[in-house]
Every structure is written in C-alpha cells, then in structure tokens.
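Report on the following structure.
Values below: all heavy atoms of this structure, side chains included; hydrogens, waters and symmetry mates excluded.
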Amino acid sequence: MALYDTLFSQLDVTSSQYLVTDTEFRDTSFRKQLSETVKSLLSLKVIPIFNENDAVSTRRAPYEDSSGIFWDNDSLAGLLAMELKADLLVMLCDVEGLYSGPPSDPNSKLIHTYIKEKHQCEITFGDKSRLGRGGMTAKVNAAVCAAYAGIPSVITSGYATDSIIKVLQGKCVGTLFHRDAHLWTLVKELGVREMAVTARKCSRQLQAMNSEDRRKILLDIADALEANESLIKIENEADISGLAKSIRVLADMEDPIAQVLKRTELADGLILEKTSSPLGVLLVIFESRPDALVQIASLAIRSGNGLLLKGGKEAKRSNAILHKVITSAIPENIGEKLIGLVTSREDIPDLLKVICMILS
C-alpha cells in the first residue's frame with residue numbers, strides 16, 4: 001500500500017485499501033454497499049485497492065483452498081468487474097498475454113483474441129505462478145467469466161511499458177476476451193497461414209501456364225481496373241489510367257520465366273544452364289502508395305509467383321479495393337488467393353515464420 005500511495009500521489013490521486021472476504025459477497029446488502037462505496041471513492045479521486053482479508057478468512061488453507069466465490073486475486077478481480085459493471089477488465093501478468101502453450105516453448109504462439117469454442121481445448125498451460133495462488137489458468141477463467149458477463153477483458157504484460165495505456169487506446173496488445181469473439185472473422189490468427197499456403201498452391205497452377213496465358217491475365221486485370229475505375233475513385237481519388245497502361249506494357253514484355261541466364265559447357269555434350277524461374281511466394285511490404293500494389297501484383301503474376309502484400313495503413317481502403325479488383329480478374333483455375341492482402345502489422349513476424357516453413 002505504501003508503494004501504491006507513492007505512485008498515485010504523483011498523479012494527485014489517493015489510494016485506499018479495501019479488504020474483503022469470500023462470505024461478504026454472499027450478502028446482498030454488502031454487494032450493493034460495495035458498488036456505492038466504490039463510486040463515492042472514485043468521485044473523490046480515491047483509487048480503491050482490493051485484496052482478500054486473510055486475517056479473518058474462513059479458508060482452511062488460504063493458499064491452497066480454492067473453494068468459495070473467489071479464491072485468488074484473479075477471480076476477485078473478475079468478480080469485482082462484474083459486481084461494479086466495469087467497462088473493461090485488464091489483468092497484468094509477467095508475459096505478453098495468453099499463449100497456445102508454455103511461453104518458454106518456441107512453438108507457442110501469442111493468442112490475440114481468445115475464442116472459447118476454439119481455444120479452451122487447444123491451450124496447454126505451464127506451471128502456475130510461484131507468487132500466491134494465481135497463474136495463467138486462473139486469469140483465463142476470470143477473464144472468460146467477465147467477458148461472458150458483458151465485460152471485455154484483456155490479459156497483458158505488467159512489465160511492458162504503457163501496457164494499460166495501449167489497451168485503452170485499442171492497440172493490439174495482450175489477449176482480448178469478448179463474448180462476441182466467436183462471431184468475428186478470424187483474420188489475424190487464421191488468415192495469415194491460410195493466405196501463405198493457398199498462395200503457394202495457386203502459384204504452382206500459375207507456373208504451369210504458358211507465357212501467353214499469363215499475359216492474358218494481366219490484360220484482364222487492366223480491363224478490370226478500367227471497368228472499376230469509378231469504384232476505385234470512391235475509395236481513393238486515384239487516377240488508374242496510367243496503371244492500366246503500365247500493366248499492358250508489362251504484359252507485352254519478354255517472358256521472364258525460363259530465360260537462360262548463363263550457359264557453361266562442362267564437358268563434351270554436357271551443358272550446364274542457369275535459367276530464371278519463379279521463387280514461389282513473395283512477401284512485399286510497401287509504402288502507402290496504391291499504385292505500388294498494382295505494380296507489385298503485376299510483376300508477381302508476370303514472373304509466375306504467388307504474392308502476399310502488406311501496404312501502409314494510410315492507404316488501407318484503396319489497397320483493399322485494388323486487391324479485390326485485381327484478384328477478380330484472375331482465372332478460376334488459378335484462384336484469386338494467388339494474391340493475399342495482409343491487413344495487420346502484428347501478423348508480419350508470424351507470416352515470416354510461416355513462409356520460411358513453406359519454402360524450406
């Protein structure tokens with residue numbers, strides 16, 4: 001409490017300790033009084049610090065007995081959030097958030113959005129916290145209970161700088177729990193890997209096509225750009241006439257695939273040739289220039305490669321409509337997933353790992 005007093009005093013805020021026991025929450029009048037007391041304290045710029053009153057606790061073994069309404073600070077935090085009808089519950093821990101396995105396991109992945117139907121059977125928890133009765137299991141249980149009661153919850157690092165501020169700003173930090181999460185499109189956790197795998201699959205179909213067929217795809221994209229010019233201008237007042245012209249120029253250029261770059265005669269009748277060939281799947285991160293997306297996509301198709309794109313957030317809407325127009329012009333036997341559009345910066349590290357695994 002002395003530490004809390006010192007820290008909050010720097011913000012001209014007072015802190016107070018509020019000790020509770022499990023049995024008190026069984027009393028309806030106490031719960032009503034609790035809500036009124038907290039509101040009064042906050043109106044006076046006093047931050048209540050809640051903790052279990054171990055001195056009068058009815059637990060048989062305070063650090064082992066998990067019976068009752070709450071049994072550690074995590075479950076107490078979740079209970080208080082529900083009782084006080086909080087706008088948000090933030091739970092701090094010593095790692096970035098909830099991982100698919102023990103955080104020390106290099107194969108474990110940070111879960112940005114927890115979906116009960118998906119994750120409750122997939123997560124492997126490590127050892128519980130050495131401090132008190134809590135641990136990640138307790139935090140997840142508390143966060144799930146609060147979330148399904150209508151209170152969004154976030155588990156994030158208590159060591160990282162400005163973690164709480166970043167959560168309040170809506171930034172993608174830690175693990176989010178929300179009762180409607182199962183209704184959201186799982187782009188961040190599922191889309192990246194799927195995009196990389198399908199782009200690789202589609203690129204193989206593209207590589208099997210001859211030069212004239214790939215040329216026709218580019219001409220169809222140019223036609224699609226012109227046909228959707230008004231729609232593209234709505235998203236971003238961009239002049240795409242020049243883009244269409246540049247694509248047609250690229251379509252008429254010499255085929256870059258299977259070009260002999262170097263020929264060496266190793267022995268009589270034994271010739272070693274170095275020829276150009278597609279890489280497979282390209283990952284290109286580019287600045288906020290919508291024309292860059294069209295140019296990169298055109299070069300990838302002409303060279304027989306699948307493509308994953310990540311543009312600047314300032315041109316997000318333009319990139320999305322351009323991506324839609326371009327992929328709609330790709331033949332069905334190739335597949336529109338030849339070109340994937342990554343929308344989140346946080347996906348890049350995971351995407352690099354996926355590409356390394358696919359190409360290896």
Inset, instruction - First locate atom CD1 of Ile339, then atom OG of Ser298, and finally report the distance between them rounded to the nearest 0.5 Å. - result: 8.0 Å

Legend entry - Asp105 side chain to Gly101 backbone, donor-acceptor under 3.5 Å: no

Inset, instruction - Answer yes or no: is there a donor N or O on one side and an acceptor on the other, between the side chain of Ser157 and the main chain of Tyr159, under 3.5 Å? - result: yes

Inset, instruction - Over all heavy atoms of both residues, which pair between Ala142 and Met91 is shortest? Give the atoms and the distance, please. - result: CB-CE, 3.9 Å

Inset, instruction - Return the minimal non-hydrogen interatomic distance between Ala181 and Tyr114, and the atom names on each side. - result: CB-O, 3.7 Å

Legend entry - Pair Arg248 + Glu226: basic N to acidic O under 4.0 Å: yes

Legend entry - Point-to-point distance, once rounded to the nearest 0.5 Å, from CD1 of Ile257 to CG of Asn210: 10.5 Å

Legend entry - No-hydrogen, no-angle side-chain donor-acceptor test under 3.5 Å, Thr21 and Asn53: no

Legend entry - Met209 backbone acceptor or donor facing Arg214 side chain under 3.5 Å: yes

Inset, instruction - State the CD1-CG distance between Ile221 and Leu218, to the nearest 0.5 angstrom. - result: 5.5 Å

Inset, instruction - Assign the ring pair Phe30 / Phe25 to parallel, tilted or perpendicular, where the plane angle (0 to 90°) is split at 30° and 60°. - result: perpendicular

Inset, instruction - For Ser35 and Lys32, indicate whether the former's side chain and the latter's backbone hold a donor-acceptor pair under 3.5 Å. - result: no

Inset, instruction - Return yes if some donor-acceptor pair links the side-chain N/O of Thr175 with the main-chain N/O of Leu98 below 3.5 Å, else return no. - result: yes

Legend entry - Spatial distance of atom CZ (Arg302) from atom CG (Asp252) [nearest 0.5 Å]: 8.0 Å

Inset, instruction - Compare every heavy atom of Gly306 with every heavy atom of Ser203, then report the nearest pair and how far apart it is. - result: CB-N, 3.3 Å

Legend entry - CG-CZ distance between Leu3 and Phe8, expressed to the nearest 0.5 angstrom: 9.5 Å

Legend entry - Where Gln207 and Gly304 come nearest, the two heavy atoms and their spacing: CG-O, 3.2 Å

Inset, instruction - Return the minimal non-hydrogen interatomic distance between Ile155 and Cys93, and the atom names on each side. - result: CG2-SG, 3.8 Å

Inset, instruction - Taking all heavy atoms of Glu52 and all of Leu76, pick out the closest pair and write down the distance. - result: N-CD2, 4.2 Å

Inset, instruction - Count the heavy atoms belonging to other residues, nucleotides or ligands that lie under 6.0 Å from OH of Tyr148, then report whether that count exceeds 12. - result: yes

Legend entry - Under 3.5 Å donor-acceptor, Asn305 side chain and Gly280 backbone: yes

Inset, instruction - Spell out, as yes or no, whether a donor-acceptor pair under 3.5 Å connects the side chain of Ser100 to the backbone of Lys109. - result: yes

Inset, instruction - Look up atom CD in Glu336 and atom CD1 in Ile330, then write down how far apart they are to the nearest 0.5 Å. - result: 8.0 Å

Legend entry - Lys/Arg-Asp/Glu bridge criterion (N-O < 4.0 Å) met for Glu212, Arg215: yes

Inset, instruction - Taking Ser153 for its side chain and Ala146 for its backbone only, find out whether a donor-acceptor pair lies under 3.5 Å. - result: no

Inset, instruction - Give the intermediate values and the outcome of side-chain contact (heavy atoms from CB on, under 4.5 Å) for residues Leu308 and Val281. - result: CA-CA 7 Å; Leu308 299 179; Val281 178; 4.1 Å; yes

